[in-house]
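To start, the structure under review is shown below, and the notes come after it.
Side chains are part of it too, since the values below use all heavy atoms of this structure and drop only hydrogens, waters and symmetry mates. Positions are given from 1, in the same order as the sequence printed here. Please read all numbers here as calculations on a predicted model, not as lab measurements.
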Amino acid sequence: MPVDIRVPTLGESVTEATIAQWFKAPGETVQADEPLVELETDKVTVEVPAPASGVLSEILVLDGETVEVGAILGAIGEANGDASLTMIVKEEPKVEADPAPVASAGGADIDVVVPTLGESVTEATVAQWYKAEGDSIAVDEPLVELETDKVAVEVAAVSAGTLSKISVAVDETVEVGAVLGVISGGGVSAAPVAQTAAPEAQPKPEASKSSDTPLVNDAPLAPSVRKIVAENDLEVSTLAGSGKDGRITKADALAALEAKSQQAATPVAAKAPPAKPAQPGTRARADREERVPMTRLRRTIAARLKESQNKAAMLTTFNEVDMTDVMAVRAQYKELFEKKHGVKLGFMSFFVKACVVALRDIPAVNGEIEGDDVIYKNYYDIGVAVGTEKGLVVPVVRDTDQKSLAQIEKDINDFGRRARDGALKIDELQGGTFTISNGGVYGSLMSTPILNQPQSGILGMHKIQERPVAIDGQIEIRPMM
């Protein structure tokens, strides 16, 4: 009896994900717990393992499509080695002889569909097609790249055959589940196509190189990336790609543009007068403006922060902390601490421990409201906000009341590194009871952090600055935060 492959629970407030890639094709044998499909959310990448051993009999959701938690992705049937082997033997010579038989090799037309795209993401923009109508394709070969507010997603072929139709053009917006194109001659297994079609596909990158489309790692740039590169005179070779196989995404191009603007601001201002001695007011204001569309990720962050403001009755209170004693302890034991534990002694671990003490004294702040109930948490899982180039993530340090300063520092450092590499796991981003946000790293003296729903509280740490304070009737200079 077939076993359904379902979308697992993806974390707190995460209700959907995007199919990044299938590791197996229909007809292939799978083992229990073997990774089958990779899902992408707005925060992390998750692999879904096989719930049982057998044969991947059906794929219901294609790469790039958006799925909700609990949705059926495909099915695993009983192993049938003889039938699978027969299919491979029959199909292999047909691919070698002539691509035409592939289209009629016994597979019905298969729609290329927009996959689940992540929590609350219902649409995406077609960034580029890697194939043209009439091109032969292999199983798992990338067909089209979609851009959402969170990630760039490649939709791969779930079957070998011919791309007989492209239904949606580049730069058009599509909704989850929409048909992007059609593959004819589907049903050929991955192994023979990969072996026989690869030599035919080799000349294609050469043809692309002779065109006007720049290549990175033998892959063409997306139209949106090409537009940013062309309009802002960016050097493609200097761009670092964060997409699959090192592909450059729109977010990468925008990040490079921002870095270039910051670096060039001063010299450009200095050279401007001699280069163009136009009188003030003679240039149109539009010539001095630059319009860059926000990425979907940035738009989503803005929408969610605003949603938190609208839903929660937030109160901000400001308090000062005299950091003299903490700084003295840190200075005294800093070298010994690092030598013993292999990690630097920072301020975050002190504040995490201080929060645990406060939350024990005021348990309501460590709780949340659910309907007509208040849920009190008798554990202290502290979220630590980490800013990355692609957006803000809040990994959670578990059971901080039971951990030492050294372990807390190690956990925070590890989360920070993996957040910037995009390697956090979904369970590391869910279930926090309270959050700390350190705006002091940006030189902020004071701010009003926004609640990380559904939590009841967040602590904002800020810049340590020496100020005169009254101590026992005497004015002293103290490091105040």
Would you say the side-chain atoms of [X] pair up with the backbone N or O of [Y], donor to acceptor, closer than 3.5 Å?
X: N366; Y: Y379; result: yes
X: Q21; Y: A156; result: no
X: Q455; Y: T435; result: yes

Heavy-atom pair of closest approach, residues [X] and [Y]:
X: W22; Y: D63; value: CD1-OD1, 3.1 Å
X: I72; Y: R6; value: CG1-NH1, 3.5 Å
X: I137; Y: E141; value: CA-OE1, 3.4 Å
X: L36; Y: P51; value: CD1-CD, 4.5 Å
X: V386; Y: R420; value: CG1-NH1, 4.3 Å
X: Q453; Y: K311; value: NE2-CB, 3.8 Å

Considering only heavy atoms from C-beta outward, does the side chain of [X] approach that of [Y] to under 4.5 Å?
X: H462; Y: S447; answer: yes
X: L429; Y: P395; answer: yes
X: F415; Y: V397; answer: yes
X: T316; Y: M314; answer: no
X: I19; Y: L39; answer: yes
X: I450; Y: I458; answer: no
X: V112; Y: I183; answer: yes
X: V114; Y: V155; answer: no

Which value, rounded to the nearest 0.5 Å, describes the distance between [X] atom [atom1] and [Y] atom [atom2]?
X: D381; Y: D399; atom1: CG; atom2: CG; answer: 5.5 Å
X: E409; Y: D414; atom1: CD; atom2: CG; answer: 12.5 Å
X: T162; Y: E133; atom1: OG1; atom2: CD; answer: 11.5 Å
X: D140; Y: S159; atom1: CG; atom2: OG; answer: 10.0 Å
X: I408; Y: N413; atom1: CD1; atom2: CG; answer: 12.0 Å
X: L73; Y: L62; atom1: CG; atom2: CG; answer: 11.0 Å

* Could you give all pairs that pass the salt bridge (Lys or Arg N to Asp or Glu O under 4.0 Å) test and reach residues 448-458, with sequence neighbours left out? -> none
* Asked: Can you check side-chain contact (heavy atoms from CB on, under 4.5 Å) on W129 and L180, steps first, answer last?
  -> CA-CA 10 Å; W129 281 92; L180 298 168; 3.9 Å; yes
Report, as yes or no, whether the 6.0 Å neighbourhood of atom [atom1] on [X] holds more than 12 heavy atoms from other residues, nucleotides or ligands.
X: E34; atom1: CD; result: yes
X: K165; atom1: NZ; result: no
X: I369; atom1: CD1; result: no

* Report the residues that fulfil side chain to side chain contact (heavy atoms under 4.5 Å, CB included) with S57, sequence neighbours left out, ordered by chain and then residue number. => A75
* Sequence neighbours excluded, which residues qualify as salt bridge (charged side-chain N to carboxylate O under 4.0 Å, His left out) partners of K410? -> none
* Any side-chain donor near an acceptor of the partner, Q407 and D411, under 3.5 Å -> yes
* Verify the distance criterion only: is there a donor paired with an acceptor across the side chains of S184 and D109 at less than 3.5 Å? => yes
* Answer yes when R418 and D421 have at least one side-chain N-carboxylate O distance shorter than 4.0 Å, and no when they do not. => no
